[in-house]
> 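A single structure is presented below for examination.
The shown structure was predicted, so the numbers you read here are calculated from the model rather than taken from an experiment. So you know, we letter chains A, B, ... as the sequences are listed, proteins then strands, and number each from 1.
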Amino acid sequence: MPEQTTPEMEAKWRTFWEKEKVYAFNPKGKKIFSVDTPPPTVSGAMHMGHAFSYAQQDFIVRYHRMKGENVLYPFGTDDNGLPTERLVEKLKNVKSKDMSRADFITLCLATLKEITPAFVQDWKNLGISADYALTYSTIDDTTRKISQQAFLDLYTDKKVYHKAFPTLWCPECQTAIAQAELEDSEKDTFFSTLLFIAGKEKLPIATTRPELLPACVAVFVNPADTRYTHLIGKEATTPLGKKVPIKADESAQIDKGTGVLMICSYGDKYDADAIARHKLTPVIIRNKDGTLNVAPYQGMKPKEARSRILKELKEKGLVTDQKQIKHVVNVHDKCRTFVEFLPTDQWFIQIIENKKKLITQGKKVTWYPTQMFKRYENWVNGLEWDWSISRDRHFGIPLPVWFCETCKETVVATPAELPVDPLQTKKTCQTCKKPCTPETKVLDTWATSSLSPQIVSQLVKGKAVVPFSLRPQAHDIIRTWAFYTIVRALYHENTLPWNDIIISGNVSMGGEKMSKSKGNGVDPQPIMAQYGADALRYWAATSKLGEDLDYQEKDIVTAQKFITKLKNAAQFIFSNLTIPSKQPGLEETDRLFLIQLNKTIQEATDAFESYEYSRAKAVTDHFFWKVFADNYIELVKTRVYSGSPEGKTSAAWTLSTAFLTLTKLFAPFTPYITEEIYQTYFKKQEKTSSIHTSAWPIPIKLKATKNDEVTWTTLLDIITLVRTEKSKAQKSMKVPVSLILPAPEQKLLASVLDDLKAVTTTQTITTGKRTVTILA
RNA sequence: GGCCCUUUAGGCUAGUGGUUAGACCGGCUCGUUUACACCGAGCAUGCACCAGUUCGAUUCUGGUAAGGGCCACCA
């Protein structure tokens, strides 16, 4: 085997795979195994979590390829949304809002062109066996066209609508966001009791958001709350002196706070619902950047306004109680900014009315692990709003829509125009023949990535259609990517997007999820450079689907040792033996060993069939180390060095066959070293150019007898016993011994006795109770 | 507050309704140089707790505790 560093060796085979198109999809082939590969977000480099989950999906894909299926494993990059926008702003030191949309998009596309190849290279280095010729970007022309067309289809079907509505608003990103983009954040805040006045009575109201007082439009009490029933229908004066109605509402909880609550436009969805329910007139006191627009708090950020109002009210003695509490607030997942509620014009896809159907659809998909479906179900059940798909940002796929300046009608693009940027395209109203104003918003990035199966279908010119075979993804995006993809497949194709979904776990470090924000991240790149991608992959195969794995560098070292062991085994086999081309007559030891190999093939195959790659690896590992290396090789060593020609030939064939089989069983996990071994030792006898397109092993046809199992275990038991005795006596494994074995055991082992004597350095065997006597 | 998951050796993890629960790292005792010191042999140490089902439970059921996740609440 040529001496190379691991990165050199891996680079060599990467080039080879690319040249030989080992991972190419065959558009004419049958038995398609289609994978809806997650397109990683272009916002930096591959992190350990990526490496972990992509490696796991790759094990499965490689298994299916070796089984002879026509694998469609595309690659995509998600680069049309806020994360990319932020990345470009950072890299190029610009602010998108200071540029025209066209200029900013041009800059983004140019920047992506610079950075994407290096970004994707990490995946290639990891040995992800995608067909990189089938690569899409969620911002490229084809995708823009597909996404806009899909939007138009939903518009025609009246599944998408446009509405002015109080929605979740990120004041930092200055865009509407979806429920799925909310994250929790625990913050310290003051829970203040403010004094409202009703006639001559004091009416204390507890709140965490006094800055909303100017927007207070009503006060609610529970109709069953006898403390306040007499006040219902009267007016209350807010601490700022404004008069608001006191209304009865069942949703006001008697035991919460003071039992009285203020309704402000808008604090949260509760306020929005309450205002709609009681037909109150909202007072909008917020600008889109979150600042207030009412005197004397004009231009103040909420936090500033809050302390200012509290200070003023305290001076007037209108704050009767105040305590510091921790409470959980919603923040935007992209920027961790406190999310506000603002009435704006937005586009929505109907999902609420189809919740039931969407749960049914989700149930039809086979989830691995199964309980992940619960996560999906819970999320859909808990949905309260339709999917807000418009974003007030620059970089993204534009909504293909204009509004007539005269009749205010919505005008949509024609299919022939797509992809289109309304800001760049003039439109006239069909009815009024008057000019239209372009919609300036862009689509939520999920509105495009949820079409990934359809996008991939286009890449292969419709040769693969939904449902795809498999969707691999992480569990944190069940509520977004998985859910939205199911929505789109239902709405556009009236089917499932895929048959199976596999969910990978997280990488943790000391029990905590590895993440940049926690500062406990480890980058995969230097690990791959030092130990090799194979080692990183081998490590990722130790935990099963959906399970988290705690990262420890020493486990990567273990993986590296495996690779060395594999190389050394090859060294032994091929430097000492001539391998016969056909199966010779087999010695009993060899036949018994091969029966064990057959069991392993079966177990590994069964495991892979149910996506249990970690079990496949574990059984193969066990067989390789414990059966093949520790016992079988030792058993036949003497025969290999000084046996009869027949004995040698049998051992040679057995060793080579078992080793090729093992190499193939390991190929999905460690593609580089197994390719190296395949090319070096097996290429001549095997038909396919790469191990990764070679046939997955099937059990070898062998004669079997009913005693095979017990003979094999007895043989190993005796070897272990002898080794134990030698160890206990602190003797070398080479010291001669004499054995006493019961007559039935001797009979059972008759055909393997020579090998047994050789491996245990036994000189004599006599009959009696099983005993080992050391002779030196 | 609701739902879900986890709890196995010092660390990280497999696994099982039934004689000695399996790897790896670490520890200990040794050995070995015609595959492998990135080695080999051997030893020690473990099923969170409490009930129940069962002839038998680490495994199934229920509860407790601890940890994690998702969601909700944010008067």
Side-chain angles (χ1 to χ4, degrees), chain A residues 179 182 184 186-187 189 191-194 204-209 219-221 251-263 267-270 325-330 369-384 475-476 478-479 505-506 508 510-513 531 535 539 542-544 546-555 557-576 614-615 617-619 621-622 625-626 629-630 633-634 637-638 640-642 655 719-720 722-735:
Chain A
Q179 190 179 352
L182 296 179
D184 287 349
E186 198 181 66
K187 299 231 157 110
T189 189
F191 191 46
S192 314
T193 305
L194 311 180
I205 294 182
T207 181
T208 54
R209 305 196 57 190
V219 164
F220 280 8
V221 295
S251 68
Q253 290 176 34
I254 296 171
D255 56 350
K256 228 169 175 183
T258 61
V260 189
L261 77 155
M262 60 176 194
I263 301 299
D268 54 19
K269 181 166 193 297
Y270 179 88
I325 57 162
K326 275 189 194 300
H327 82 155
V328 179
V329 295
N330 284 136
T370 23
Q371 72 268 15
M372 290 297 174
F373 169 67
K374 272 269 162 208
R375 297 263 295 264
Y376 173 89
E377 189 181 22
N378 286 346
W379 173 256
V380 180
N381 270 326
L383 280 171
E384 295 189 77
H475 58 68
D476 53 341
I478 289 174
R479 66 184 193 175
N506 292 327
S508 59
E512 276 206 86
K513 183 181 172 181
Y531 300 101
W539 162 78
T542 55
S543 100
K544 55 183 182 178
E547 292 291 313
D548 295 351
L549 181 61
D550 213 62
Y551 176 81
Q552 302 190 88
E553 188 161 339
K554 60 188 182 186
D555 292 335
V557 176
T558 304
Q560 197 187 25
K561 283 185 186 174
F562 156 76
I563 292 159
T564 308
K565 185 87 175 174
L566 206 60
K567 279 198 236 173
N568 285 325
Q571 181 91 21
F572 168 73
I573 297 166
F574 297 100
S575 61
N576 288 302
S614 65
R615 196 158 65 83
K617 176 189 167 272
V619 298
D621 252 350
H622 178 262
W625 288 91
K626 297 293 164 187
D630 293 352
I633 288 186
E634 295 303 322
K637 230 172 215 176
T638 309
V640 164
Y641 291 131
S642 55
L655 281 166
I719 295 172
T720 305
V722 173
R723 284 173 176 163
T724 308
E725 291 305 319
K726 287 176 179 175
S727 263
K728 276 185 185 160
Q730 304 199 342
K731 295 288 185 186
S732 156
M733 288 298 138
K734 292 196 166 168
V735 294

> Using a cut-off of less than 4.0 Å, is there contact between a side-chain N or O of A:Lys626 and OP1 or OP2 of B:C24?
yes
> The side chain of A:Glu547 is closest to which nucleotide in this list: B:A14, B:A75, B:C38?
B:A14
> Classify A:Ala618 by what it touches in the nucleic acid, base, sugar-phosphate, or nothing, heavy-atom distance under 4.0 Å.
nothing
> Using atom CG of A:Asn568 as one end and atom P of B:U33 as the other, report the distance to the nearest whole Å.
17 Å
> Mind calculating the distance between CD1 (A:Ile263) and C1' (B:A75) to the nearest angstrom?
9 Å
> Report the distance from atom CD of A:Gln560 to atom C1' of B:C36, rounded to the nearest whole Å.
14 Å
> What does A:Ser192 touch in the nucleic acid at a heavy-atom separation under 4.0 angstrom: a base, only the sugar-phosphate, or nothing?
nothing
> Judged by each residue's nearest nucleotide on RNA chain B, which is more toward the 5′ side, A:Asp555 or A:Trp379?
A:Asp555
> What pairs of donor and acceptor atoms, side-chain ones from residues 255-263 of chain A against any protein atom, are under 3.5 angstrom apart with sequence neighbours left out?
unit_1, atom_1, unit_2, atom_2, d
A:Thr258, OG1, A:Pro204, O, 2.6
A:Thr258, OG1, A:Val260, N, 3.4

> Counting heavy atoms from C-beta on, name the nucleotide in B:G42, B:C12, B:A75 closest to the side chain of A:Gln253.
B:A75
> Tell me, what's RNA chain B's dot-bracket, Watson-Crick or G-U with both distances under 3.5 Å, | for other-strand, [ ] crossing?
(((((((..((.(....[...).)).(((((.......)))))....(((((..]....))))))))))))....
> Return the orientation label for the A:Phe562 and A:Trp625 ring planes: parallel under 30°, perpendicular over 60°, tilted otherwise.
tilted
> Looking only at the side chain of A:Ala252 (C-beta and beyond, no hydrogens), which of the listed nucleotides B:C30, B:A41, B:A75 gets closest?
B:A75
> Expressed in angstrom and rounded to an integer, what is the separation of A:Lys728 atom NZ from B:U29 atom C1'?
12 Å
> Pick the C1' atom in B:A44 and in B:U16, then give their distance to the nearest Å.
23 Å
> Out of B:G40, B:C73, B:C36, which has the shortest distance to the side chain of A:Lys637?
B:C36
> Measure from CG on A:Asn330 to P on B:C70 and round the result to the nearest Å.
13 Å
> Which listed nucleotide (B:C38, B:A41, B:C25) is nearest to the side chain of A:Thr558?
B:C25
> Would you check, one step at a time, whether the test side-chain contact (heavy atoms from CB on, under 4.5 Å) holds for A:Arg723 with A:Glu634?
CA-CA 12 Å; A:Arg723 284 173 176 163; A:Glu634 295 303 322; 3.8 Å; yes
> On RNA chain B, check which nucleotide each of A:Arg209 and A:Tyr551 is closest to and give me the residue with the more 5' one.
A:Tyr551
> Would you measure the distance from the C1' atom in B:C5 across to the matching atom in B:A48 and give it in whole Å?
16 Å
> Counting any heavy atom closer than 4.0 Å, what does A:Asp621 reach on the DNA or RNA strands: base, sugar-phosphate only, or nothing?
nothing
> Measuring only the P atom in each nucleotide, how far is B:U8 from B:C49? A whole number of Å is fine.
11 Å
> It should be established whether A:Gln179 places a side-chain nitrogen or oxygen under 4.0 Å from OP1 or OP2 of nucleotide B:A72.
yes
> Spell out, as yes or no, whether a donor-acceptor pair under 3.5 Å connects the side chain of A:Ser192 to the backbone of A:Leu194.
no
> Work out how far the P atom of B:G18 is from that of B:C3, and round it to whole angstrom.
32 Å
> So A:Glu377, base contact, sugar-phosphate only, or nothing? Heavy-atom distance under 4.0 Å.
nothing
> Nearest to the side chain of A:Glu384, which nucleotide is it out of B:C73, B:G11, B:U13?
B:C73
> Over how many whole Å does the gap from A:Met262 atom CE to B:C74 atom C1' extend?
13 Å
> Between A:Gln371, A:Arg375, A:Glu377, which is the residue that forms a side chain to side chain contact (heavy atoms under 4.5 Å, CB included) with A:Phe373?
A:Glu377
> Under 4.0 Å: is that the gap between some side-chain N or O of A:Lys617 and OP1 or OP2 of B:A14?
no
> Can you check the distance between B:G11 and B:G26, where both ends of the measurement are the P atom (answer in whole Å)?
16 Å
> Given the P atoms of B:G15 and B:C60, what is the spacing between them in whole Å?
12 Å
> So, is A:Lys544 near the phosphate of B:U13, with a side-chain N or O under 4.0 Å from OP1 or OP2?
no
> Is it the case that atom NZ in A:Lys731 sees more than 12 heavy atoms from other parts of the structure closer than 6.0 Å?
no
> Between B:C5, B:C74, B:G42, which nucleotide has the shortest distance from any of its atoms to the side chain of A:Gln371?
B:C5
> Taking atom P in both B:C4 and B:U64, what distance in whole Å separates the two?
14 Å
> Taking the side chain of A:Lys374 as its heavy atoms from C-beta onward, which of B:C3, B:A75, B:C25 lies nearest to it?
B:C3
> What's the CD1-P distance between A:Ile205 and B:C74, to the nearest Å?
15 Å
> Could you measure between the two C1' atoms, the one in B:G17 and the one in B:U59, and give it in whole Å?
6 Å
> Would you indicate which nucleotide in B:G40, B:C5, B:G15 comes nearest to any side-chain atom of A:Lys565?
B:G40
> Okay, side chain of A:Asp548, backbone of A:Asn506: is any donor-acceptor separation there less than 3.5 Å?
yes
> With a cut-off of less than 4.0 Å, is there a side-chain N or O of A:Thr208 near OP1 or OP2 of B:A75?
yes
> Supply the atom-to-atom distance A:Asp268 CG to A:Arg209 CZ, rounded to the nearest 0.5 angstrom.
7.5 Å
> Could I get the full list of salt bridge (charged side-chain N to carboxylate O under 4.0 Å, His left out) partners for A:Arg615, not counting sequence neighbours?
A:Glu612
> Remember a base hit wins even if backbone is also touched, and classify A:Thr720 as base, sugar-phosphate or nothing at under 4.0 Å, heavy atoms.
sugar-phosphate
> At 4.0 Å (heavy atoms only), tell me whether A:Thr207 reaches a base, stays on the sugar-phosphate, or touches nothing.
sugar-phosphate
> In whole angstrom, give the distance that lies between atom CD1 of A:Ile573 and atom P of B:U34.
18 Å
> Nearest to the A:Arg375 side chain among B:C70, B:A75, B:A41, which nucleotide is it?
B:C70
> Give the C-alpha distance, both sets of side-chain angles, the deciding distance and a yes or no for side-chain contact (heavy atoms from CB on, under 4.5 Å) between A:Thr542 and A:Asp555.
CA-CA 10 Å; A:Thr542 55; A:Asp555 292 335; over 6 Å; no
> Are A:Trp379 and A:Ile478 close enough, and set up right, to give a side-chain contact (heavy atoms from CB on, under 4.5 Å), and what steps lead you there?
CA-CA 9 Å; A:Trp379 173 256; A:Ile478 289 174; over 6 Å; no
